[in-house]
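Heads up: the structure comes next, in structure tokens.
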Amino acid sequence: MNNYLIIGIVAGLCTALLNLSGYVGGMFGLGIILIVLSPLPLMIATLGWGSFTGLVAVISSGVALALLISPLAGLLFMLVNSIPPWWLSRLATLNQQNAETGEIVWYPVGRLLMWIAGIAGITSLAMFIPFGFSMDQYRDAIATMMNEVYKAERMALPQGTALTIDDLVTIITWMAPMASVLTVMFGSIINLYLAGKIVQKSGRLARPWPDLHQLTVPPVVIAIFVVSLILVLMLKGLPQQLAQIVMSATGATLFLVGLSVLHFAIRRSPARQIILWTSYFLMAIFQWIGALLVLLGAMEILFNVRSRLPRLPLPPRRSGTNGETEDRDGGDT
């Protein structure tokens, strides 16, 4: 028990210090990477040593921030930065035994993804609380921040550009909720994936690695996405921003399902790595490819696209370290 307490305390301190180091180092470059990866020690502790150890990490991270900054900062850090990763890691370790077959059934990855989307949405909604859900105060705060940044860095807009500071404020006001949702969602997914891989390598991961090629979610996600998209097009002001948060969370969920279908479709292709890296590169340049993956994810949920794909022959096998052959048709990517 003492070992579990020590591991939890150390994990919580690492989580708090990583986050604090990110803010001290600035919100760009290495700073944002440290902030995004700060829940990783907490998730490793929860996946490898259980929910109790993870809960100890949650408490110790809050206490550390409370002592270093203020009690309110510690409480907010626990609520926003520590409890959600702990909860996701705990869900990933849940299982139940089938009474008839005796088979162990683990918590579905699709439901876990829906939890991640929900947490990202709620966290992004919370950004409006300090402004009393007032769009004017929200926009004024962004304008003040932008002016301070430009003054502190002695920056100026390029000569000849048609953009003004007000234009940039308008763009950031519109994009910030969406960016918040995507950052929390993909940050949570990356941390959970890395934590799972690290704990698996250590031999402490009780759960078998899930087949991510079979990722799917219930059809209700499509309905919520369509309704929120319509509301974004129809509404203005704060209601539009709230609808945009829901649209971003559900759209990212469908995107990941579509990406899973893409991985499944080419899993046996000899050119699999080339196709994947080319796809990622093109997605970074042409954002409309992401919209196609959202559509593909919706089609998979409604029409089970995977079952209609042709089964390609297995790629050539390669020799393993123990002299046996290894199948490259894995389900971990």
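Starting from 1, each residue takes its place in the sequence as its number.
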Atom pair [atom1]/[atom2] of [X] and [Y] - distance to nearest 0.5 Å:
X      : Y      : atom1 : atom2 : result
Leu194 : Met43  : CG    : CE    : 10.0 Å
Leu65  : Asn81  : CG    : CG    : 8.0 Å
Leu40  : Leu34  : CG    : CG    : 11.5 Å
Ile122 : Leu79  : CD1   : CG    : 12.0 Å
Ile35  : Ile32  : CD1   : CD1   : 4.5 Å
Met185 : Thr253 : CE    : OG1   : 4.0 Å

Would you indicate whether [X], at its atom [atom1], is surrounded by more than 12 heavy atoms from other residues, nucleotides or ligands within a distance under 6.0 Å?
X      : atom1 : value
Trp106 : CH2   : yes
Ile274 : CD1   : no
Arg204 : CZ    : yes
Met299 : CE    : no

Please find the pair of heavy atoms, one from [X] and one from [Y], that lie closest to each other, and give the distance.
X      : Y      : result
Ala265 : Leu309 : CB-CD1, 3.7 Å
Ala57  : Leu42  : CB-CG, 4.0 Å
Ala243 : Val232 : C-CG2, 3.6 Å
Trp86  : Gly54  : CD1-C, 3.4 Å
Ser82  : Val58  : O-CG2, 3.7 Å
His213 : Arg306 : O-NE, 2.7 Å

Does [X] belong to the same Ile/Leu/Val/Met/Phe/Trp/Tyr cluster as [Y], with side-chain heavy atoms less than 4.5 Å apart forming each link?
X      : Y      : value
Ile266 : Ile289 : yes
Ile104 : Leu112 : no
Met175 : Leu235 : no
Val80  : Leu72  : no
Phe281 : Met283 : yes

Assign the ring pair Trp277 / Tyr280 to parallel, tilted or perpendicular, where the plane angle (0 to 90°) is split at 30° and 60°.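 Ring orientation of Trp277 relative to Tyr280: perpendicular.
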
Can you find a heavy atom in the side chain of [X] that is under 4.5 Å from one in the side chain of [Y]?
X      : Y      : result
Gln240 : Met234 : no
Val36  : Ile190 : no
Leu5   : Phe52  : yes
Gln96  : Tyr107 : no
Leu254 : Val221 : yes
Val184 : Ser188 : yes
Leu20  : Ile69  : yes
Leu47  : Leu192 : yes

When you look at Val227 and Leu231, which way does the side-chain contact (heavy atoms from CB on, under 4.5 Å) test go after all the steps? CA-CA 6 Å; Val227 171; Leu231 292 177; 4.2 Å; yes

Checking side-chain polar atoms at under 3.5 Å, does Ser61 have a donor or acceptor matched by the opposite partner on Thr15? no

Does any donor atom in the side chain of Arg139 or Ser134 lie under 3.5 Å from an acceptor atom in the other side chain?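 Note: Arg139 and Ser134 side chains miss the donor-acceptor criterion.
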
Please say which of Leu296, Ile222, Val261 ends up in a side chain to side chain contact (heavy atoms under 4.5 Å, CB included) with Ile301. Ile222

With Ser89, which of Val199, Thr46, Ile44 fulfils side chain to side chain contact (heavy atoms under 4.5 Å, CB included)? Thr46

